[in-house]
Amino acid sequence: MLGFILQRLWQALVVVIAMSALVFCGVYAVGNPIDVLISPDATQDIRAAVIAQYGLDQPLWQQYFTFVGRILHGDFGRSFVYNMPVSELILSRLPATLELTLAAVLFASLVGIPIGMYAGYKPHSPVSRAIMALSILGFSVPTFWFGLMLIMVFAVQCGCMPAGGRGETVSLFGVDFSFLTGDGLSHMILPALNLALFKFSLMIRLARAGTRELMLSDTVKFARAAGLSEFTVLSRHVLRLISIPLVTVFGLELGSTLAFAVVTETIFSWPGLGKLIIDSITSLDRPVMVAYLMFVALLFIVINLVVDLAYALLDPRLRKGRA
Amino acid sequence: MTETTSNMVATPLLEVTNLKTWFPSGRGELKAVDGVSFSIAPGEVLGLVGESGSGKSITGFSIIGLIDEPGRIVEGSIRLEGRELVGLPSHGLRAIRGKTISMVFQDPMMTLNPVLSIGTQIKLALEAHENISATDARQRAIKALAQVRISDPETKVDFFPHQFSGGMRQRVAIAIALLHRPKLIICDEPTTALDVSIQAEILAEMKELVSELGTALIWISHDLAIVSSIADRVAVMKSGNIVEIGPALGVLTKPQHDYTKALLDALPSRAKPGELLLRGSGITDAAPPPRKSATANLPPLGGPYLVIDHAVKRFEKPVGLLHGLAIKSGLSQPVTVVQAVDGVSISLKRGEVLGLVGESGSGKSTLGRIAAGITVPTAGTIRLNGQPVMSAGRSPKKITTRIQTIFQDPFASLNGRMRIGDIIAEGPLAHRLVSRAEAPEYVKQWLAAVGLDPTFANRFPHQFSGGQRQRIAIARALAMQPDVIVCDEPVASLDVSIQAQIINLLIRLRAELDLSLIFISHDLSVVRRLCDRVAIMYQGRLVEEGEAGAIYADPQHAYTKRLLAAVPVLPQAAE
């Protein structure tokens, strides 16, 4: 197991280094932030001074190594726009996205998996057919449209839900969270629902396919032949066996939702990371873009590592192979 | 229906009358079980014999109430101690399953849940019928494992299925089936997936347990010899019907029905070596097409042809940089190395059939793959007529077309998305044995030679049965015009009568084409029928080698003796 973790850390390191070079070069190839930073009528002297101040006059490789050197000291640079350290900026926005994403992914899993298992257990019942039709809808409806509809129906027509913002927040360990207040929670429901829709459909389909296949397997037949009740068969045998592909998708979806909740956050004006990255792209805020993409790469590495460890927990065959 | 009623006890444990289980298929109904009647007395062992598709397994599943949708029992009755089971609601059936009737399945690799420990699975089966505390369940699990002769049950109870061999897993399945002391156990081919010696052990133990506990048994099998060694009475099934039922010795030595006779005649152990089996002459085979490649320069028949010299194959996982460091510093355990073939030297004479016999894991298949140039040996040389089979260098490739292989599973070895004509023509076209224009005619000739209708060429593999697919695989191998064919358990997955047809085909083609065969098998009676010489493999080494007749008559090595002793034998008629 230790050898395996070492191996993965080594891989992670390689990925982060490659990612940093890729992101740095990619972002520096597009646009000129100076045009955004200073007014068009500034004198050439001021222009040159600003360029020198940000080190933009140096060759690319030199800029890259300065950048890497600073990262090693924990300094990701300062945002051009907000004029504050990027790490601080990202950390201040992270909790909002984190709570929204977790709510969405947990809802999708906790509701989607049981529903999907039911649909796989009784594939021909009308309820199962309705569930599957719903899941196809969930796949095909664009997120932005569904979000707008949610706002139209619940915020504009009924007026029972707020249309945007985080609402009232409570500070816990120095971080602001919405889900601890009633008002914050009501602000969270619509965006979380919107964000969950696709994942919800995905979980339903995966759970259904896995359950359907397993219900015909000898393992399930043997369990039934021993007199186990259908509920025990489903909860103890089938759920454990389908959990491995589900965990894979859970991890991937958690990562991509955390990183790219852009559309939902924009529609519901949720002040999370997605909005931050969109804003920094439009204003060519290079340090934020670079740091954010690095953060995303790191996030995926960590999530994948956790998923791999979860495999070992779920499947004893892997435990032995790597012990 | 010939129902022998003389054996029936006044109060049968189970009475099946006119059972019909049908599966709707397309417009009609597939009558899997079509009017089966029999009864079992308490403690009696009934053997249910038939080929695949005869409905023997469906009969078992009907009794325990686990028929896959959309199948259903359309008629008949199943009475357990006088109580009708047909039409019982699902919770009523569940209360009986595992408690009064339990079942053991064919493949122990598939029946146990790989992610739950043995103890947990036994606990779940206990909780299905009684309220039991965790500590009591554990104690019961340990006792149950001890009952089926699993050593050190206190430790083994926390094992997961993958830590057990196939035979051990089947013991665990039997332990679970015995948990609630059922009155009837249905065993659906429980030893088919196991090696001969393990099979013999399980059979002996099962017999002992059944007589000890007074449990009745329905033993479903396609193998008459196994059934004869355990059953009191035998029922022979064909197309959903029981064609003959009676005391085991009577049915097997003095069969009344033609089908039973035909089944017995198809058994390889019944025929003399080298002779065609009685069944399987139904299809007339055409002569194979003329060989194109030069056959000059070959040694005379009987001269050494394929020479394997000190072949070694080690399997080990590649180790990454950091993992390697972790192993060296003692933080991580070293990777396990499997020595599949451990220095084997053997030569195949031209025109002979060499049987390679051993249990699973003995390295026989790996040796076959090395001989055929599929697997690269770790060390050692393989030469065909003095020429190396594989090229030298870092990643050796097979450089001869004169050795071909027929694989065990005809379902996995044919590409399901290619027409069989293309499958057969692919190799000859790639090696320019035939031109694109000649290919269709060439394929037709080979299809006719293996006893298939030449017009089948543009069908897909899924349209054929297992036996037909194996014929296609043989045609594919022969179309490459080889001199040597490595047959890796080519009949292991086929029914007896189909098996007889394929063996007959191999015997005929070998004579017509002067082929040399390496015949890999775990079935000693098939090997006896077909092979001139036999080599016995055990744990990667060759333990005995010699003329087939000599080895069977007078085995020298202890392992060979054990292997021969474990083969179930049919009782001989006292005529």
Side-chain angles (χ1 to χ4, degrees), chain A residues 1-14 121-125 210 212-247 310-323, chain B residues 61 64-66 68-70 90-91 93-117 120-122 124-129 159-163 173 176-177 179-180 182 186 317 319-327 331-333 335-336:
Chain A
M1 193 45 109
L2 196 67
F4 164 71
I5 293 176
L6 282 175
Q7 188 97 26
R8 289 306 297 257
L9 287 177
W10 166 247
Q11 285 171 5
L13 195 69
V14 173
Y121 175 65
K122 290 211 158 130
H124 301 299
S125 84
R212 226 187 142 176
E213 196 185 318
L214 277 167
M215 287 321 285
L216 299 173
S217 71
D218 274 2
T219 306
V220 164
K221 254 190 181 173
F222 184 67
R224 281 174 164 171
L228 268 61
S229 70
E230 297 296 284
F231 180 75
T232 318
V233 168
L234 283 172
S235 62
R236 298 299 300 269
H237 284 285
V238 175
L239 184 60
R240 276 299 295 273
L241 286 166
I242 62 171
S243 59
I244 291 167
L246 288 178
V247 164
Y311 284 165
L313 208 68
L314 288 168
D315 194 336
R317 287 167 292 189
L318 300 178
R319 237 177 282 163
K320 197 198 172 202
R322 284 165 181 170
Chain B
F61 283 119
I64 203 165
L66 285 177
D68 283 328
E69 297 227 323
S90 60
H91 65 267
L93 275 171
R94 190 181 81 72
I96 291 169
R97 281 202 292 265
K99 180 109 179 124
T100 324
I101 307 179
S102 61
M103 191 154 180
V104 178
F105 290 62
Q106 173 169 0
D107 191 349
M109 301 290 166
M110 312 295 290
T111 45
L112 298 176
N113 187 335
V115 299
L116 296 179
S117 75
T120 312
Q121 297 191 47
I122 295 180
L124 287 176
L126 282 169
E127 284 168 350
H129 295 293
F159 274 30
F160 287 90
H162 70 270
Q163 290 164 290
I176 290 176
L179 276 180
H180 298 284
I186 301 168
K317 265 203 255 169
V319 179
L321 176 69
L322 271 169
H323 194 191
L325 278 177
I327 291 168
L331 284 170
S332 196
Q333 279 170 2
V335 193
T336 45

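Protein chains get the first letters and strands the later ones, always in sequence-line order, with residue 1 at the start of each.
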Item to check | Under 4.5 Å from a heavy atom of chain A, the part of B/L66 involved | outcome: both
Next on the checklist: Taking CZ in B/R97 as the centre, count heavy atoms belonging to other residues, nucleotides or ligands within less than 6.0 Å. Is the count above 12?
Outcome noted: yes
Item to check | chain A contacts, top residue of B/P161, B/A125, B/G98, B/P182 (heavy-atom pairs, under 4.5 Å) | outcome: B/G98
Checklist entry - For A/T232, is it the side chain, the backbone, both or neither that has a heavy atom under 4.5 Å from a heavy atom of chain B? => result side chain
Next on the checklist: For B/V115, is there any backbone N or O sitting under 3.5 Å from a side-chain donor or acceptor partner on A/R240?
Outcome noted: yes
Item to check | Under 3.5 Å: donor-acceptor pair, side chain of A/T219, backbone of B/M110 | outcome: yes
Checklist entry - Got A/V220 and A/V238 here, is their nearest side-chain heavy-atom distance under 4.5 Å? => result yes
Checklist entry - So which part of B/I64 gets closer than 4.5 Å to some heavy atom of chain A, the side chain, the backbone, both or neither? => result side chain
Checklist entry - Under the ring-ring contact (aromatic ring centres under 6.0 Å, His included) test, which residues partner A/F222, sequence neighbours left out? => result B/F105
Checklist entry - With a 4.5 angstrom heavy-atom cut-off, which part of B/A173 approaches chain A: side chain, backbone, both or neither? => result both
Checklist entry - Under a 4.5 Å heavy-atom cut-off, does chain A meet the side chain of B/S90, its backbone, both or neither? => result neither
Checklist entry - What part of B/N113 is in contact with chain A, defined as an atom under 4.5 angstrom from a non-hydrogen atom: side chain, backbone, both or neither? => result both
Item to check | Residue B/I101 versus chain A: region with a heavy atom under 4.5 Å | outcome: backbone
Checklist entry - Tell me, do A/S229 and B/R94 make a side-chain contact under 4.5 Å, heavy atoms counted? => result yes
Checklist outcome for this item: chain A shares the most heavy-atom pairs under 4.5 Å, among B/D68, B/I176, B/I186, B/L124, with B/L124
Next on the checklist: Given 3.5 Å as the limit, does a donor-acceptor pair link the side chain of A/R212 with the main chain of A/P123, or not?
Outcome noted: no
